[in-house]
Amino acid sequence: MYKYDDFDEAFVRERVAQFRGQVERRVDGSLTEDEFKPFRLMNGLYLQLHAYMLRVAIPYGTLNSRQMNQLAFIAEKWDKGYGHFTTRQNIQYNWPKLPDVPDMLEALADVEMHAIQTSGNTIRNVTADHFAGAAGDEIADPRPVAELLRQWSTDHPEFQALPRKFKIAVSGAENDRAVLRAHDVAVQIVEKDGQRGYRIFVGGGLGRTPMIGKVLRDFLPEADLLPYVEAVVSVWNLLGRRDNKYKARIKITVHEHGIEEISERVEQRFAEIRPSFTGVDQKLFAEIKEHFAEPAYKSSATDAFDAYKAANPAFQSWADTNLAEHKNSEYAIVSISLKSHGATPGDASSEQMRTMADLALRLGHDELRISHEQNVILPHVHKSDLPEIYNTLREEGLATANIGLISDIIACPGMDYCALATARSIPIAQEIATRFDELKLEHEVGLLKIKISGCINACGHHHVGHIGILGLDRAGVENYQITLGGDGTEDAAIGERAGPGFSADEIIPAIERLVLGYLDIRDSADETFLQTYRRLGMEPFKAILYPEKAEANAA
Amino acid sequence: MPRAFTPKVITANALLEGDAIWFTENNEWSRDIADAELITDETHADLRLIEAQAFADQIAGAYLADAKQTENGPAPTHFREEFRTRGPSNYHHGKQAEA
Ligand code: SF4
């Protein structure tokens, strides 16, 4: 795992010290809020509906047990004993007090973490496939690439005042688990004729104007990555619209100028700056890679796992749902669900964090990941250790067998916390999960991704939910709009609006109707919701959602 | 005809805790909206907002929010402002826990 070098450490400490001074001057009144706001945002500190919120970066979602324990400690000491994991692989603390924040940042620096570039018009926390380094289907671990990009972008002098924020995601597999096509730039490791290189996507993004990213370069040689990405960012830095914040993201630039023109300009700029990259970046890349060496896998019998599975149906159900294939056949990737029915998606208590940290340390090669789907991953678990992992998780309410199912919902904080929200999203997620748990239907329904955002900014990725729910304010009342057919994978699609929105009281019955209706029209138990939607289109789903209308039309 | 002015209160977040607070007639900040000054005149509202913003070392981000008069004093009219008087719905945290 990547270790801070001295420069990083000094830089982070200095930033904490600076911020401490700024907080003091704010508290004694010598800085106004207008003066202070940019400083606090630079350090990940937001002001929300009920309190401040501190957003801490977890670069490419990777943590070790020491860091997870520290997150637990911070939650306990300065917050309310829990943290919220987000779709950006960050953790948010919802209740910090302003005078405590410098101490929180200091405690983060002690474990080589920080809250820098989690806000503002900068290159944000680089995200990655949460199965990175473990997945059976990956060409290479994408995290060294993410780390290279992180180092290049952190405090990059040219990129501190971009037209708008800029998000990069990296993956090493054809199966897209990192929502590559919803990022400003995405990097996919590919191979061509035995050579390693990158496929570069540009111009994806959700929010007000959702767009699926387009391929800008199908194969970029490995050594060209930084100059090429730098060329992309600088072309956008020049062309990007600063007159209108809704048109400033690169997706709009690509849309307005067309992918051909952008590609030409990027290639031109790339040719100009390529010579200035003399290979230092490649040397750095080689060094970084060493920090991501594979763990020292153990090898032993796995029959205890099979026997336990055969004997324990609850364990079997969990194993079937929450395990993924590891590249080492004696190992498995464990997804720990932070979505127990009725709980807040993505929240973990300090005790839960400690339990997960301890399991990672003892039985998981000291690695943890945060997924954009707001769950925690133990990427390397030997199969013989799975029964113990399961039983320990169960005691902490962490063994819900629902990964990828209807109750594994992404929900942004919405109007329970977020100052930008137009409606709540958490209670909707809680109620849907509780309802389908009562119906005991979720395993029968199968793979179904519901994603909920509390406003058009789409932090809850609703556009790429098989069922997306967007909370709006309609004449002073919470109203929920449904989109269908969204997909965040390699077959990415933006969901289509189904029709008029539903009130807070109507939305849960509407989702229930929709899902039960799908069970009636799928052609077999193997056809997922999304497949049925793709086969039949919107009409039958509309008829299910709006029965009165369907009747009126038939009359 | 000028647009009718809907009654308002001045609200902000407390500087240290970030908690929702309201501006009273006595130029104090209260954690309870019921103590707030209900402002029914637009010119007066603009003036009071400037006065409220002068408390830079106690508050952050003052603004005018719609409110109505009730038996117990001013109360919010919009759900967002109502949530601010209470706290989040997923945990018993914030004001609802302090009452
Ligand atoms: S989608 Fe909107 S409500 Fe939800 S977290 Fe993002 S900005 Fe806040």
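Order of the sequence lines fixes the chain letters, A, B, ..., with proteins taken first and strands second; residue numbering starts at 1 for each chain.
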Regarding [X] and [Y], does a basic nitrogen lie under 4.0 Å from an acidic carboxylate oxygen?
X	Y	value
A:E33	A:R40	yes
A:E106	A:R20	yes
A:E431	A:R435	no

Check whether [X] gets within reach of chain B through its side chain, its backbone, both or neither, counting any heavy atom under 4.5 Å.
X	answer
A:F36	neither
A:V101	neither
A:Y52	both
A:P96	backbone
A:I426	side chain

>> Donor-acceptor pair, distance only, cut-off 3.5 Å: does the side chain of B:R84 make one with the backbone of B:I21?
In response: no
>> Main chain of B:P88, side chain of B:Q96: is a donor-acceptor contact present, judged purely on distance under 3.5 Å?
In response: yes
Option in [options] with maximal non-hydrogen atom pairs under 4.5 Å from chain A:
options	result
B:R80, B:R86, B:Q58	B:R80
B:G61, B:A14, B:S89, B:A60	B:S89
B:N13, B:I59, B:T77	B:N13

> Most heavy-atom pairs under 4.5 angstrom with chain B, which of A:K97, A:M415, A:Q430, A:Q48?
Replying inline: A:M415
>> If we define contacts as heavy-atom pairs under 4.5 Å, which of A:V23, A:D473, A:T32 has the most with chain B?
In response: A:D473
So do the side chains of [X] and [Y] get within less than 4.5 Å of each other, counting heavy atoms only?
X	Y	answer
A:N94	A:K80	no
A:L41	A:Y46	yes
B:E98	B:D19	yes

Under 3.5 Å, is there a donor-acceptor pair between the [X] and [Y] side chains?
X	Y	answer
B:T6	B:K8	yes
A:D28	A:S30	yes
A:N402	A:S337	yes

> Rounded to the nearest 0.5 Å, how far apart are CG of A:L54 and CG of A:L98?
Replying inline: 11.0 Å
> Hey, which residues of residues 343-354 of chain A are touching chain B, say heavy atoms under 4.5 Å apart?
Replying inline: A:T344, A:D347
> Heavy-atom distance under 4.5 Å to chain A: side chain of B:H93, backbone, both or neither?
Replying inline: both
> In terms of heavy-atom proximity below 4.5 Å to chain A, should B:N90 be classed as side chain, backbone, both, or neither?
Replying inline: both
